[in-house]
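Read through the structure below, which is laid out as structure tokens, and then see the notes.
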Amino acid sequence: MGTITSNRNTVTFDRIKTNKIRVKFDTTDHSPVALYGFHAFNTENYMTELDYEENSVPVITSTVVSDVTLDAVEIWGTVNDKSLWESDIHDLELYIYETDASGKGPEGAYLAKGVIKKDAVNSAELQKLFKVEMRDKDGNQASLKAGKKYALLLATQRDYNNNGQAHWRFVTSKNVEAASNETFGKVTGHDNNYDVINGFNVEALGTGWLKIYAEGSDTPVVDYSFETNGKTGYGVGAYTEDSRYQTFTIPEASIDSINNGLVNDDWNWSYDGEKGSVFVELDELKEIGLINIAFEENGVPAKLVIKNGDEEVMTLASDKLKAGFNEIIFEEIIKAKNLTFEFTSGENAVLVSEIELMKDNGKSSQPDDPDNPDKPDNPDKPDNPDKPDNPSNPNKPGDNKPSDSKPGNQSSSSTTSKSDQKVNTGDFGSYRWIIVMMSAVCVIAAICFVKKRKCR
């Protein structure tokens with residue numbers, strides 16, 4: 001037995017199949033225990049494998065692209081010199097444009113605009129986050145195409161009083177990995193009119209802090225945020241720094257984010273079309289005996305087809321699938337490197353929360369009869385052919401000693417077509433293989449010793 005310490009503890013144990021886990025703490029001195037977090041992980045799930053740099057080993061892609069209905073942009077509203085507020089500071093305007101052919105800067109008429117009104121800001125809010133509603137010229141929400149690059153531009157009316165110190169700043173950092181393929185720069189010479197952009201200058205000054213929000217979501221679809229006090233950055237409305245921009249790209253799908261071994265309500269892969277596919281490329285040929293796939297409530301497909309390469313190995317209709325986890329067991333383990341999951345939608349959009357691929361199909365994890373773990377697979381056939389067919393007759397020739405039967409493999413009489421599979425359906429968390437349990441995360445035990453004093 002290991003020692004439990006403060007902070008994170010990792011407890012490993014043999015594979016079990018369960019839909020509930022109970023963690024019980026025993027203390028010899030009745031000291032209090034504080035549990036700050038708990039996770040159970042399946043370490044045999046191929047989909048969660050990481051390389052030494054903690055990058056995903058499986059390559060997961062999708063045919064589905066989801067356009068974004070733009071709702072808001074979040075930025076830091078930072079004034080360069082607070083002492084000049086509010087006489088020489090003007091409204092901060094936000095614009096979104098398409099980029100030019102190079103993808104390095106804004107071009108053409110703006111698609112959406114938002115404003116941080118000077119009158120809505122007080123002197124105590126000159127370095128803070130603002131979430132700004134963005135609308136097109138007609139006051140409607142703009143649509144941003146999946147996989148397409150855009151530019152967010154910050155601008156304000158130039159005021160050259162006070163030596164040009166009366167201006168805003170675009171807060172930046174040079175350590176934003178998510179924006180490694182994006183560009184920061186400035187736009188000048190437009191005389192405070194940004195309806196149409198016809199030129200820009202690229203600057204190697206880092207990444208501008210921004211978050212892009214879609215309609216109806218509190219989770220940004222683009223997140224180029226970083227730790228900052230909001231005081232640094234580059235001028236917006238200063239001399240030769242009329243406005244500044246940051247490019248960003250709308251992601252094509254969030255399929256990578258759902259395959260982390262956990263069901264996360266904030267993320268799922270979804271589509272509204274008739275058909276959509278998820279492709280999984282493993283790093284090498286793998287043995288697979290179990291596929292575990294989870295759907296959100298009201299997000300179950302009308303049909304699911306699984307292919308190993310070009311070979312169709314499983315077809316399931318909606319009556320074989322449920323919200324929550326669906327455990328698809330292959331009676332005979334298959335070997336696969338490239339798997340395709342084809343979904344046909346029903347009345348609602350398909351919502352996939354998790355896909356797991358495992359070698360173990362559970363055939364050896366439990367005995368045939370849980371009430372009698374010593375019962376052999378086939379009671380009519382002894383484990384050792386040298387032992388008698390009738391263990392009650394020890395004097396039969398060829399006998400050695402009474403048989404010690406071994407636990408048998410789990411059997412199943414319920415199968416489906418294609419490769420002799422069966423499907424177990426259930427709620428989230430049911431029928432999940434659990435190998436490694438990240439338990440007692442940040443457990444801090446405070447031990448109080450109370451000494452009694454003797455009163456005179």
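FYI, side chains are in, hydrogens and waters are out, and symmetry mates aren't considered; it's all heavy atoms of this structure. None of these values were measured; they are calculated from a predicted model. The first residue in the sequence is number 1, and the count goes up from there.
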Those residues at least two apart in sequence (or on a different chain) that pass side-chain contact (heavy atoms from CB on, under 4.5 Å) with Leu282 are Tyr46, Pro58, Val280, Lys286, Ile288, Leu357

side-chain hydrogen bond (donor to acceptor under 3.5 Å, both in side chains) pairs touching residues 184-195, sequence neighbours excluded, are His190-Asn198

### Query
Does the Thr247 side chain pair with the main chain of Thr183, one donor and one acceptor, at a distance under 3.5 Å?
yes

Of all heavy-atom pairs linking Ile116 and Ile75, the shortest is CD1-CD1, 4.2 Å

Original post:
Does Thr340 reach the side chain of Ile306, with side-chain heavy atoms less than 4.5 Å apart?
Top reply: no

In short, Met47 meets Glu356 closest at the heavy-atom pair CG-CA, 4.2 Å

Run the side-chain contact (heavy atoms from CB on, under 4.5 Å) check on Val236 and Leu92 step by step: do they pass? CA-CA 9 Å; Val236 175; Leu92 181 62; 4.1 Å; yes

Paired with Glu342, the salt bridge (charged side-chain N to carboxylate O under 4.0 Å, His left out) test is passed by just one of Lys275, Lys307, Lys303, namely Lys307

Between Tyr150 and Ser143, the two heavy atoms sitting closest are OH-O, 4.3 Å

Report task. Decide salt bridge (charged side-chain N to carboxylate O under 4.0 Å, His left out) for Arg244 and Glu203; before the verdict, give the C-alpha distance in whole Å, the side-chain angles of both, and the deciding distance to 0.1 Å. Result -> CA-CA 10 Å; Arg244 279 199 155 88; Glu203 299 176 299; 2.8 Å; yes

Check: How about Glu354 and Asn292: do any of their side-chain heavy atoms sit closer than 4.5 Å?
Finding: no

side-chain contact (heavy atoms from CB on, under 4.5 Å) filter on Asn175, not counting sequence neighbours, yields Ser173

Here the pair of heavy atoms bringing Val171 nearest to Phe226 is O-CZ, 3.9 Å

**Prompt:** Okay, side chain of Asn308, backbone of Lys335: is any donor-acceptor separation there less than 3.5 Å?
**Reply:** yes

Audit row: Lys337, Glu281, salt bridge (charged side-chain N to carboxylate O under 4.0 Å, His left out) steps and yes/no: CA-CA 6 Å; Lys337 187 176 188 294; Glu281 180 182 352; 3.6 Å; yes

Contacts table for residues 133-142: side-chain donor-acceptor under 3.5 angstrom, sequence neighbours left out:
residue: Glu133; atom: OE2; partner: Arg135; partner atom: NH2; Å: 3.4
residue: Arg135; atom: NH1; partner: Asp71; partner atom: O; Å: 3.1
residue: Arg135; atom: NH2; partner: Asp71; partner atom: OD1; Å: 3.3
residue: Asp136; atom: OD1; partner: Asp138; partner atom: N; Å: 2.9
residue: Asp136; atom: OD1; partner: Gly139; partner atom: N; Å: 3.0
residue: Asp136; atom: OD1; partner: Asn140; partner atom: N; Å: 2.7
residue: Gln141; atom: NE2; partner: Asp71; partner atom: OD1; Å: 3.2

Do you see a donor-acceptor pair shorter than 3.5 Å between the side chains of Glu182 and Thr249? yes

| Is a side-chain N or O of Gln246 found less than 3.5 angstrom from the main chain of Gly208, in a donor-acceptor match? | yes

- Task: Inspect the surroundings of CG in Asn229 and state if more than 12 heavy atoms from other residues, nucleotides or ligands are less than 6.0 Å away.
- Result: yes

Would you say Phe343 and Val300 make side-chain contact, with heavy atoms under 4.5 Å? no

Discussion item. Distance to the ring centre below 6.0 angstrom and angle to the axis at most 45 degrees; does that hold for Lys211 and Tyr213?
Written reply: no

message: Would you say that Glu312 contacts Val305 through its side chain, given a criterion of any heavy-atom pair below 4.5 Å between the two side chains?
response: yes

Heavy atoms of Phe295 and Ser353 approach each other most closely as C-OG, 4.3 Å

Would the distance check show the side chain of Asn181 and the main-chain N or O of Ala179 forming a donor-acceptor pair, the cut-off being under 3.5 Å? no

* Ignoring hydrogens and angles, tell me if any N or O in the side chain of Trp168 forms a donor-acceptor pair with the backbone of Tyr234 under 3.5 Å. => no

- Using the benzene-type ring in the case of Trp, are the ring centres of Phe170 and Phe184 under 6.0 Å apart? yes

What one should report as the nearest heavy-atom pair of Phe248 and Leu144 is CE1-CD1, 4.2 Å

Residues at least two apart in sequence or cross-chain that pass side chain to side chain donor-acceptor pair (under 3.5 Å) with Asp223, listed by chain then number, are Ser225

Residues pairing under salt bridge (charged side-chain N to carboxylate O under 4.0 Å, His left out) where one sits in residues 103-112, two or more places apart or in two chains, turn out to be none

